[in-house]
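Data first, discussion second: the structure below is written as structure tokens.
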Amino acid sequence: MTDVDSGACGPGVSRRALLGISRSLAVAASVGVLAGCSEDGTRRAGGASVSGAGSSTGQVRRFRSRPDLQPVSAVVTTDRGATAPGLIFVSPSHNRYGQQGPMILDNDGELVWFRPLSDHATTKLRSFNLRVQHYRGQKVLTWFEGAVVSAHGHGRYAIADSSYRILRWVDAGNGYQGDLHEFLITDHGTALFTCYAEEHADLSGVGGSPLGSYFNGVVQEVDIASGRVLFQWRADRHVNFAESYAPIPSDGQNPWDPYHVNSISVAPDGNLLVSARNTWAVYKVERPSGRILWRLGGKKSDFTVSSAARFAWQHDATPHPGSRLAIFDNALGTNKVRSQSRGLMLSVDESRRAVTLDHEYLHGNPPVQTIALGSVQILPDGHVFVGWGDGPYVTEYHPDGTVIYDLQMNGNGTRSYRGFRSPWTGRPAGEPALAVDKVSGGMKLYVSWNGDTEVRHWRILLGSSPGRLAAASVAARHGFETVIKVRRRARYAAVAGLDRSGRELGRSPVHAVQ
């Protein structure tokens, strides 16, 4: 949590506030209010003082204007500046404190948007894989929403617009449930995602029962508009059980998970790259036949992989220009292969069938070894953004491997399957939220607007009746919830959000001051 004064006055000025100071003064002057500074560094505007809001136990954020939101808090541990543009997208889950749900943060670790789904103690509904994608020519948010059963998802996928309204829910076909690990929108209006299903087979050849149960890894591609399944690939029809590194459960009760398919990406030639964690391999799958064109890694690799480039129990294999492949190398499963997990950039020579290490990205302080989850995102400026999965961190690196930014999520046990940085403009469909307290010498207004990214100032409106409100002052926005102290009393109050040019974007309901 960041509880610092807004503006350029006090020592606790947020970096985002500093960048907006010149614009803040211009807007305030345009409406006849010029902000000054008190001795304690609090920013004042036309009889109002402003500060950040939101209390924290150290684990959970709470807001006076939005008591229904109780996300885990976050702290920035490293910020050397010059980060890539954009906000941070995570999906906190498994935390023992606060609510779970998809969440957007800014560079200060301040909340931008949160969709509360559950409390860890009361329900199993969770979200995974929040990210920005494109659908029908517009930026959208997508995420998985559902339950987690035996490390697999049972749910569906949300596509939401910039107002956070659900445009469409996408479901798996052919009787399957959508899985948490992947949901990728293609340029053709289709979606690629993972599914799981319990199957039975003779597993005696790999040390199991003649009628053993196992989880099959399934890839589906569906037409988003119609829901029609266009392509389906089953791992058990193409990958032998003997390729798995996962031991068969000794209790004879739980299904074996020989594959654990956890990422799908589209190769430059239009075929698919499918990662299977438990075979330590990435498969190039031909469309539409489903034939495996090559294996990279694992027991039957078609590539010679240098010792520094070898990975195990991996996640998130994605191709990039220059014959490169990004991978999150967990290096920890039922056995430990390396002392730390790492982000990898590999050089892949398909003609020579050779793979070498281009760069590795380690967390460093503290070292992170994560048994599950994780992601590696290559940003447009060449920076690398790593989500540490079981480790509650997201980290941004310069292309040479230097750490320039690191953020830690609190919550005791919090994890986020993947972490992303992307530009995003949020324009919530609802109204700003307002709470008011009477205090000595005036009132305190608590104002927030979940998901908004464009408000720079709040105009305070006061009056003796709901229909007779007048502008009293303008205060700079600070963080998710801004606290504005007004040195007067009124029977009714409201606030209006203003963008950088002073245009009104939204107005709260009128609040009767009790």
Side-chain angles (χ1 to χ4, degrees), residues 1-5 10-19 52 54-62 71-98 100 103-114 130 328-330 332 339-343 359-377 379 381 383-422 478-480:
M1 170 184 149
T2 307
D3 274 334
V4 297
D5 299 326
V13 180
S14 72
R15 182 158 54 87
R16 185 175 64 173
L18 283 170
L19 294 175
S55 64
S56 173
T57 63
Q59 304 286 343
V60 180
R61 294 294 305 271
R62 290 182 173 86
V72 294
S73 58
V75 59
V76 177
T77 61
T78 301
D79 188 353
R80 295 190 169 93
T83 57
L87 299 171
I88 296 166
F89 297 78
V90 290
S91 303
S93 68
H94 296 78
N95 39 289
R96 296 188 182 94
Y97 301 100
Q100 304 178 85
M103 183 164 73
I104 305 176
L105 302 170
D106 68 13
N107 254 27
D108 297 316
E110 272 290 324
L111 184 67
V112 174
W113 175 73
F114 180 59
L130 175 68
F328 186 83
D329 177 19
N330 294 81
L332 178 66
S339 61
Q340 293 186 55
S341 301
R342 56 188 182 150
H359 273 99
E360 70 173 4
Y361 303 92
L362 301 172
H363 191 263
N365 187 23
V368 172
Q369 181 94 73
T370 173
I371 195 170
L373 318 177
S375 60
V376 180
Q377 178 191 18
L379 300 171
D381 62 359
H383 288 191
V384 177
F385 198 79
V386 175
W388 294 93
D390 261 357
Y393 305 94
V394 291
T395 310
E396 184 170 342
Y397 299 82
H398 189 272
D400 66 6
T402 303
V403 174
I404 57 176
Y405 182 86
D406 187 64
L407 177 142
Q408 178 181 355
M409 291 171 285
N410 296 316
N412 193 356
T414 301
R415 60 179 70 172
S416 180
Y417 170 44
R418 289 171 171 171
F420 296 98
R421 181 187 287 284
S422 300
H478 182 85
F480 181 82

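A donor and an acceptor atom, one from each side chain of Ser341 and Asn330, are nowhere located under 3.5 Å apart. Side chain to side chain, Asn107 and Arg421 meet the donor-acceptor criterion of an N or O pair below 3.5 Å.
Salt-bridge formation is not detected for the pair Glu396/Arg80: no Lys NZ or Arg NE/NH1/NH2 atom is positioned less than 4.0 Å from an Asp or Glu carboxylate oxygen.
Under the 30°/60° scheme for interplanar angles, the aromatic rings of His363 and Trp388 are found to stand perpendicular.
Heavy atoms only, all atoms of each residue included: Tyr405 and Val76 are closest at OH-CG2, 3.5 Å. Among all heavy-atom pairs drawn from Ile404 and Thr83, the shortest one is CD1-CA, 4.2 Å. Closest heavy-atom contact between Arg96 and Asn412: NH1-OD1, 3.0 Å.
Among pairs with a residue in residues 366-375, none fulfils side chain to side chain donor-acceptor pair (under 3.5 Å), at least two apart in sequence or across chains.
Judged by distance alone, the side chain of Gln408 and the main-chain N or O of Val75 form no donor-acceptor pair under 3.5 Å. The closest donor-acceptor contact from the side chain of Asp108 to the backbone of Glu110 lies at 3.5 Å or more, if one exists at all. Here the side chain of Thr395 pairs no donor or acceptor atom with the backbone of Asp406 at under 3.5 angstrom.
Residues satisfying the salt bridge (charged side-chain N to carboxylate O under 4.0 Å, His left out) criterion with Arg415, sequence neighbours excluded, are Asp390.
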Can you check side-chain contact (heavy atoms from CB on, under 4.5 Å) on Asn410 and Tyr97, steps first, answer last?
CA-CA 9 Å; Asn410 296 316; Tyr97 301 100; over 6 Å; no

Start with the C-alpha gap between Tyr417 and Ser93, add the side-chain angles, then the distance that decides, and say whether side-chain contact (heavy atoms from CB on, under 4.5 Å) holds.
CA-CA 8 Å; Tyr417 170 44; Ser93 68; over 6 Å; no

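Looking only at side-chain heavy atoms (C-beta outward), Phe385 and Val394 come within less than 4.5 Å of each other.
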